[in-house]
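Scope of the values below: all heavy atoms of this structure, side chains included, with no hydrogens, waters or symmetry mates. Below, read A as the first sequence line, B as the second, and so on, with proteins coming before strands; counting in each chain starts at 1.
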Amino acid sequence: MFKKVLVANRGEIAVRIMRACREMGITPVAVYSDVDRTAAHVRFAHEAYRLGPPPAAQSYLAIDRIIAAARASGVDAVHPGYGFLSENHDFARAVEAAGLTFIGPPVGAMALLGDKLRARATAQAAGVPVVPGTDAEVTAAGQAAAFAGTVGYPILLKASAGGGGKGMRVVERIEELPAALRLAAAEARTAFGDERIYAEKLIERPRHVEFQVLADGHGNVIHLGERECSIQRRHQKVIEESPSALLDGNTRKRMGEAAIAVARAGGYVNAGTIEFLVDPAGAFYFLEANTRLQVEHPVTEMVTGIDLVKKQIRIAAGQPLGVSQNDIVFRGAAIECRIYAEDPLNNFLPSVGRVTSYREPSGPFVRVDAGIGMWCEVSLHYDPIVAKVIAWGRTREVAINRMARALGEYRIAGIATTLPFHLAVMANEKFRRGEISTRFIDEEFDRPGLPAGVVEEDMRLAAAVAAALIKHGDRRRQAENGGGSARGGRWKDDGRRRGLRRWGA
Amino acid sequence: MFKKVLVANRGEIAVRIMRACREMGITPVAVYSDVDRTAAHVRFAHEAYRLGPPPAAQSYLAIDRIIAAARASGVDAVHPGYGFLSENHDFARAVEAAGLTFIGPPVGAMALLGDKLRARATAQAAGVPVVPGTDAEVTAAGQAAAFAGTVGYPILLKASAGGGGKGMRVVERIEELPAALRLAAAEARTAFGDERIYAEKLIERPRHVEFQVLADGHGNVIHLGERECSIQRRHQKVIEESPSALLDGNTRKRMGEAAIAVARAGGYVNAGTIEFLVDPAGAFYFLEANTRLQVEHPVTEMVTGIDLVKKQIRIAAGQPLGVSQNDIVFRGAAIECRIYAEDPLNNFLPSVGRVTSYREPSGPFVRVDAGIGMWCEVSLHYDPIVAKVIAWGRTREVAINRMARALGEYRIAGIATTLPFHLAVMANEKFRRGEISTRFIDEEFDRPGLPAGVVEEDMRLAAAVAAALIKHGDRRRQAENGGGSARGGRWKDDGRRRGLRRWGA
Amino acid sequence: MKYTVDAGGVRYDITVEDREGPPAVTVNGRPVAVDFAALHDGRHFSLITDQKSWDVALAREPDLYRITLVGRTFACSVIDDTIAGIKGTGTVGAVKKRRLRTPMPGLVTAVEAKAGDQVKAGDGLVTVEAMKMQNELRAESDATVKEVRVRPGQVVDKNDVLIVFK
Amino acid sequence: MKYTVDAGGVRYDITVEDREGPPAVTVNGRPVAVDFAALHDGRHFSLITDQKSWDVALAREPDLYRITLVGRTFACSVIDDTIAGIKGTGTVGAVKKRRLRTPMPGLVTAVEAKAGDQVKAGDGLVTVEAMKMQNELRAESDATVKEVRVRPGQVVDKNDVLIVFK
């Protein structure tokens, strides 16, 4: 087993991976950009190496600097987390060239399944249904129009190297095709350095269901059930759950087998995810493969009891899986809410700043994977995800109620977060009934409502009373201090500390 | 179902119960003594009522004040937690007399099983083995001597109304008997207002194994497996786990059946615990019953997935259990560490003061039930337990490693806590092998060692360097501020805020 | 002492009178039993209003208290009537914002308004790239653009004014 | 600048020299690469020593920094050699404590020493009841009792002196 692992990432996922390392007796090593010098993942690590200035290209995407840190620290292996370099073949190759182990799939499988056109071909060859689409890239509007003629509009143009909604365009009418193709290709070139675009039939009101697979280097491949990830905004998942509320046992079984078939066909080893779309009629289609740990992996951990990061590490170290498909027992339901540093009351605009109050929820069957803490600075340089809250329950309803309780306990002040949005979703009747699709947020949330079970007027009044009493205290201290400025720095700080204690008994 | 529940307790268990209430849509109501005005359980509640001054007799033990708060708030039911009034028949009667529901067993069952002599008789009648002892109280040394003549010394004198080690005396030789009996009776009279003492054979190097039972008002009684609670100090449990590392399947089955038999014989309804001693040869003996929620209930929740507080509330509301014995599936292993405000490096002396730094562990399969938080004051008025850390794993070894990781993450500054002691236990080879008895701490911990995997010298050196750098910063600011006192209140506070930022890049 | 509080757009008239024990408080003329206790840092409070318990966190900004209660933050501005000398003349309320400010630092990637434009509430005005996202800043109410202060490619800091309305 | 630090009973001679970037630090003569960064409140720090990362929390007491690292708190006292003017003469070390103080407030329930007694390390001296427990305070080292300042039944406050040794 490895003695020391470098985590080539930041934020909650770096902390998550280091937790697994510590539990396994492995020394976790952090890397950081200047803006992250006091970030949670640095303070959590056993060793820490500076990479460079804040821009990712000079820090978390700087392959040579990461390799240099890995050499300096003498690690055995590198875990890439998600995002950043996690799906970058060049990085995986560089890690191996340095004589270290890349904790992820083999380079070949990463390249094959990471390319959407090749992945589709792999799935089809394995007998797994794919969304009707073109087998090759489309370079002219005429090719796409011909395809649309066979499946009907709307169609979807997608970047073969794509991800995260980039290089993607919905085309409703033939007239839109030339411009859409040009724009999608341009976006894809900018985002991925690869302008190949292909066309798919647009599945309307689909649900996004993915299967977690685990494969070792000894030919064992199993799946750990599905995750329902239909609650999305701007093509980004915001709430995930396992199991899916809508999958019947037979479909689940067939999809699980399909996921294993794709992984086998792709020569996959390590933890990976096979994504499907499920149409309103219940038919499923292979969508793409994610050749890395997913943000939403905790919901699978909660229902199976299996620590996916530890499995990743053991598989990378050459150990066999140690569990067979029959050993996987699913218990209850788990939900994850991704907490973003965005203001849900102001059009989800990003929020940056310093965390001035911080308290995490805990208690029965609640888990928080966070990358921030008290006094942390949330900067604009990286992904706005600051934490994930995961709740488990014996039923989906219990998990939802527990999540609402946990979200209410979570206090993050100083920056705006999506906590109120998630509270509103947990209280939404359609969500509670499981009536969800990827259009759920657009259809249900013009702007989010209020937490369930709390009367808004009461709450607002309490805030107003608190504000008046704080002002009152400020004024009184100002008077005591001889009329100095109310915003006078240390005088007020000191006054606040001494003076604003409790009135009366 | 109840709409509103008053929690007649404080600290972590009050927060725990309120969490269950919130998840069930029940409004939780807190009561507090003056010293607890800003305590976690008050801030967590939806409503809060003052009881009186800090001494428990005038607050958390003041039945009339609690009933008055219950009436004023209009609750349907009262949850007593553990300790305080949880096993007090008068309180249960007063709650019922006020037309409210007591969330606990019927008064009759509480009285029967709460009395050790009557509980022993009940167990014997149900065919459950008890520790050899006298069937009635012993009032003269001669009676105890006669009993010792049949079972041999040492014997144990115990208060029939007892608990928490009070009114308990080990007697090694006949000469010690008269004084021991007199002292035990005096202690019992002071502690419980009941001086009845009986004698038991002393089981040497026993293990303490208890079974969680759940009984509804419809005749259903099940058990949720055992908890091993052998790691004790001063007759108080400090680490508990489920399952027991040493119980074989057959013994587990027989003990579970015995626990159910005692509960049935006692007419028990609600959640309760049947405690056994297991001798080194593996024989088990009924010890006593706890007619309330136990401190260590979370380990059972983690392995069964059942929320015991919610079950308590539903049972009290008259609902049937909803699960049968066959529905109870045990998964993995869970451990709980009780974090006390005591200094393990200074003979476990109590530590009081203000919490000046606070960060809870979280992440996969870690749970914290805490009654403190940032800026909380830990006073000398109540029990020193401030939090519980619970870790789950697929195996006991995984749970232990996870607990060690979680304890390392837990940061509580401003008061001393038993965190370093627990870290040392998790690293102890005998503990890891499951070689434990109630004498474990005495035998293994003259004084606790250091956290596993951390080299003490490194750590101490880092602390020394930090201290020098802090002093250096203080000095520099002092110089800048024109030689003012280094402990000059606001000047230094302000300087600390502005000045002690990072040096260089 | 009289205070006028704007809590997230709703106005309250609140009086606070010191006395032995907790102060006497009225909200819009109605007495409210209040017990207000600060934790040591002066940034966290426990407020009990008519027995309802609130866990309060405070972030101070210029002319603003951000008050965080369970899962929800209210931007509260307080006018101290005595000092302001306006004694309940009702000047506080939903004041139309005359400037569009950026809530985060970033790069301006698009400007979709020009001086003289009549814009409607919800219209996209300026797009700022931050955190790998294109963030469209929209008009909060109908207004006429007086001045556009940024152009695409410009780097802006948090709270910079992008557009001034008439 | 030279500092002598007693960290939980072990002594370190540490030098800190300011320069561009992180200061130059030696510990017992050996250079240590140090990067020390404070969080906003000045009570939490991130310390990196020779690439090892430490999450540090500070509690200040008179003449004492309590430094909390992972799962462990060290009581650190620092002598600033320049100010103290003793420049490494070795006066810091395991200084025998001349007083027995109570670490918590409570009620004295037993006193088992009297003036003139020779006590040994570990001997129980005074029992203080607090948190429902009887807490026996013991001698830290062999000593002779000079004065007993409390009697059973007396209420004591945290850090009160109970016994003075010769």
Please identify, among C:V32, C:D50, C:V78, the residue contributing the most non-hydrogen atom pairs under 4.5 Å to chain A.
C:V78
Between C:V10, C:V27, C:V56, who has the most heavy-atom pairs with chain A when the cutoff is under 4.5 Å?
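Of C:V10, C:V27, C:V56, C:V10 has the most heavy-atom pairs under 4.5 Å with chain A.
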Verify whether one side chain among [X] and [Y] offers a donor that lies under 3.5 Å from an acceptor in the other.
X      : Y      : answer
C:Q154 : C:R151 : yes
C:H44  : C:D55  : no
C:W54  : C:T49  : yes

Checking A:R460 side chain against C:A7 main chain: does a donor-acceptor pair fall under 3.5 Å?
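Side chain of A:R460 to backbone of C:A7, a donor-acceptor pair under 3.5 Å: yes, one is there.
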Heavy-atom pairs under 4.5 Å with chain C are the metric here; pick the option from A:T356, A:D343, A:L349 that has the most.
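Looking at each option in turn, the highest pair count goes to A:L349.
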Can you tell which of A:P350, A:A413, A:G414 has the highest number of heavy-atom pairs within less than 4.5 Å of chain C?
A:P350
Return the orientation label for the C:F36 and C:F45 ring planes: parallel under 30°, perpendicular over 60°, tilted otherwise.
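Ring orientation of C:F36 relative to C:F45: parallel.
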Proximal component of [X], with respect to chain C [non-hydrogen, under 4.5 Å]:
X      : answer
A:S379 : backbone
A:S351 : backbone
A:V378 : side chain

Do A:Y410 and A:Y358 make the cut of ring centroids closer than 6.0 angstrom?
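Centroid distance A:Y410-A:Y358: below 6.0 Å, so yes.
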Is it the backbone or the side chain of C:I14 that comes under 4.5 Å from a heavy atom of chain A, or both, or neither?
side chain
